[in-house]
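Data first, discussion second: the structure below is written as C-alpha cells.
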Amino acid sequence: MGKEKNSILLKGLGVSGGIVIAKAYLIERGKIEPAGYCHIDSRATENEIDRFTAALQESHDQISRIKTKLETDGHGKDHIAIIDSHLMIFQDQMLIDDTIKVIREEKINAEWALKKVLKTLTDIFDSMDDEYLKERSSDIEHSVNRILVNLMGSKHVNLADIEEPSVVVAHDLDPSDTAQMARSNVLAFLTDVGGRTSHTAIIARSLEIPAVVGLESVTHQVEPGDTVIIDGTTGTVIINPSDNVIAVYEKRKERFEEFGRTLFDYKDLPCETTDGEHVELLGNIEMVEELDSLLEHGAEGIGLYRSEFLYMNKSVLPTEEEHVEAYRKVAAKMSGKPVIIRTLDIGGDKPLKHLNMEEEANPAMGLRAIRLCFQWPDLFKTQLRGILRASAFGKVKVMFPMISGVQELRRSKAVFEEAKAELREEGIDFDEEMEVGIMIEIPSAAAIADLLAAESDFFSIGTNDLLQYTLAVDRVNEHVAYLYEPSHPAVLRIIRQVAEAANEAGISVGVCGEMAGEPIYALLFLGLGITHLSMGSSSILRVKKLIRSVSAADARDICDELFKLKTAPEIESYLTLRMKDLYDEEF
Ligand code: PEP
Ligand code: MG
C-alpha cells in the first residue's frame, strides 16, 4: 500500500475524534472564480437575470432534496435547521434584488454581479464582533458558491453518491455536505481551512465523523486514491503511510472503537470508587458549542471555561454585555451544575494584538493572565462584573489563573469585591455566595498551598503550566518535549502537597490540565485525595471507567508505592502495570 510514494505527516486541528484509514476522495473545491467576468449589452440583461433566477431555483431544489432525504432517513434530523438557513439564503430578497440591480445597472454578467453582492454581504458579517455571526458569513459564501456552480453549469459533487468508503479531502465543505455524510461512504474528512466553531466542525462532532481541519494545503499534498490515515483526536494526518505505520494505526483504531462502544454503559453511573468515594468529573471548554458533547458524555459541570476565547480574533475587547451573554448561555445550559469560569489567561504565547503588548524575552514568565489583568484594571473589572451577573442564571464560580502568592490572591479578591459592591449599588442581581477559587500552576503557589487554601474556596491544579514551571520545560518547545514528564517525582510531590493542604483546609481540589483526562493518572489523583477532575468530553467516560474499577484504599496503596520510586519512567511502568490489573484497555 502506497510503497513507492513518500509518506507525508501533517498536523491540523482535530475537531472530531476517531481513527480512519482509507483512500482519499479529493474534491478540489477551492474558491470558485467565475470563468467569465464580462460586461454585457443592455439587451442581454434580462437573459442574465433569467440565468441567475434559474440557477437560484436549481440550488434551492438541490438543497430541498437533501433536506427531504435527511427527514426521511431520520438521520441528521438535528441539522435540518442549518439546511433551512441555507434555503432561506436562496430566498433572501436582498441577495436576489441586489444581484438583479447590479446586473441591470452595471451591465455585467450574473456571475460577476453575484460575486459583487457576496462581497458586500460577507463584509457586513465579517465586521461583526459576534464570532457566531462571523462564522455565518461562510454559510452565505457556501450558498452563493452553489449558485455559481449551477450558473456555470458544473455539477455539484454529491457526497452521498461516493461509492467507495473514503476520506473526503476538500478545500472547504459546506454544512449541507457534512450533513449528508451520515450513513454515507464518507468515513472522515480533511479540509485546508476551518475552525472549531464552523458549522462543518460542529456537525462532524455530532455525527461522530472523524475530522481534521485547518490543514492549509492538504488538497495539494494528496492525490486521489492515496491511502490516508487520520486521527481526529490528535489532528494527525499521514498520507501514504508505510505498511508498518498502517499496522500500528489499525491496532489503535480497533482498540479505540471497541473501547468507545463499551464506554457509554458508564454514562449514567456515578463516578465513584468500589468503596464509595465520589470524584466529580467536569469538562473543559473554550466555547458554548462544546457543551452538548460534554453533557452527552455525562459531565457533572464545567471545571474550566477558558474565557480567553472571547477576546481572541477580535479587534476590540468584549463588552460587559458580551461577557454576561456568553457565560449566561453556559450557566443556563448546565442547569444548576457548577460552571467554573477562569478569568482571562492571555499573554505569554497568546498575545492580544490590540492591547499593544510589548515583546518580552520570557513571555511564559512575563506579563500574562492575572498579572495582565492588574495592569488593565478596567478589562479585569468588566469581566468580573460579567461573571457576577451571569451567576444569577446558574451555579457560576470564578477562578483566577497564574496566582503566585497570597498578595495576588488578595488583590484579585479585592477587585472582585469592588465589582460586587458596584452591582449591589446598581441593584443588579448576582450570587452573593459565589465561590472564588484559584489555579495552582506555579510552584510558589504550590509551596504555600496551605496559606492560599485558607483564603480560597477551591483549588484547581493546572498541570500543563505546573509542569512547565516545575521542570523548566517550555510546554510548546518540541526540542525539550522529552523532558516534559507528568510523572516526574517532583511533580507528584507537588501535587500531593497541594492536595494535602486543600484536604486539611476542607476545600475542594481538582486537576484541570491535560493530565486529568488520562486514566492512568486518575489512579494517582484518587490516591492523593483529589476531589474533581476536569477534561475534554472524549476523556470523561474513560476516566470514569477507571475510577469505578478501583477502591480508594487500593489507590492510596498504589500511591504509597509510587512515592518510593525515583524516576518518571519507573513511575510510568509501575502505573501501567497496575492499570493492567484494573482496566482491560489502554485508553
Ligand atoms: C494548565 O495550565 O494546566 C491549564 C489548565 O491551563 P492552560 O492550559 O489554559 O494554560
Ligand atoms: Mg495554565
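Residue indices begin at 1 and follow the sequence shown.
Within the 4.5 Å cutoff, the side chain of E164 has no heavy atoms near those of the N185 side chain. Inter-residue side-chain proximity for M402 and Y469 is flagged as met; some heavy-atom pair is nearer than 4.5 Å. Side-chain contact between V473 and L467 is absent, with no heavy-atom pair separated by less than 4.5 Å. Proximity of T463 to V491: side-chain heavy atoms (C-beta onward) are nowhere separated by under 4.5 Å. Residues L565 and I571 meet the side-chain proximity criterion, which asks for heavy atoms closer than 4.5 Å. Looking at heavy atoms from C-beta onward, N464 lies in side-chain contact with Y484 at the 4.5 angstrom threshold. Using a 4.5 Å cut-off on side-chain heavy atoms (C-beta onward), L118 and E141 make contact. Residues L523 and L562 are not in side-chain contact: their nearest non-hydrogen atoms beyond the backbone lie 4.5 Å or more apart.
Open room surrounds NZ on K119; 12 or fewer heavy atoms of other groups in view lie less than 6.0 Å from it. Other residues, nucleotides and ligands contribute at most 12 non-hydrogen atoms within 6.0 Å of the CD atom of E216.
Panel note: side chain E360, backbone L367; a donor-acceptor pair is recorded below 3.5 Å. A donor-acceptor pair under 3.5 Å is formed between the side chain of K544 and the backbone N or O of Y266. For the pair S16 (side chain) and I209 (backbone), a donor-acceptor distance under 3.5 Å is present. Side-chain N or O atoms of D192 include one that pairs as donor or acceptor with a backbone N or O of V218 at under 3.5 Å. A donor-acceptor pair is defined here as one N or O able to donate and one able to accept, closer than 3.5 Å; no such pair exists between the side chain of K253 and the backbone of G18. A donor-acceptor distance shorter than 3.5 angstrom exists from the side chain of H297 to the backbone of S293, with no hydrogens or angles considered. A donor-acceptor contact shorter than 3.5 Å is absent between the side chain of S166 and the backbone of A24. Under the 3.5 Å distance criterion, the side-chain polar atoms of S534 are matched with a main-chain donor or acceptor of G283.
A salt bridge links R368 with D465; the closest basic N to acidic carboxylate O contact falls under 4.0 Å. Between K251 and E254, none of the side-chain N atoms (NZ, or NE/NH1/NH2) sits under 4.0 Å from a carboxylate O, so this pair counts as no salt bridge. Between R342 and E308, at least one side-chain nitrogen of the basic residue sits less than 4.0 Å from a carboxylate oxygen of the acidic one, meeting the salt-bridge criterion. A salt bridge does not link K115 with E111: every distance from a Lys NZ or Arg NE/NH1/NH2 to an Asp or Glu carboxylate oxygen is 4.0 Å or more.
Remark: R542 qualifies as a cation-pi partner of F256 under the 6.0 Å distance and 45° angle criteria applied to the six-membered ring.
For the residue pair I302 and Y305, the shortest heavy atom distance occurs at CG2-N, 3.9 Å. Residues I19 and P210 share a closest heavy-atom pair of N-CG, 4.5 Å. Nearest approach of S137 to T122, heavy atoms of both residues: O-CG2, 3.9 Å. Contact detail for S460 and C512: the closest heavy-atom pair is OG-SG, 3.2 Å.
In terms of the ring pair (Phe, Tyr, Trp, His ring centres under 6.0 Å) criterion, F525 has no residue partners (sequence neighbours excluded). K267 pairs by the salt bridge (Lys or Arg N to Asp or Glu O under 4.0 Å) definition with nothing, not counting sequence neighbours.
Atom OG of S59 is separated from atom CG of L151 by 8.0 Å, given to the nearest 0.5 angstrom. Expressed to the nearest 0.5 Å, how far CG of L173 lies from CD1 of I27 amounts to 6.0 Å.
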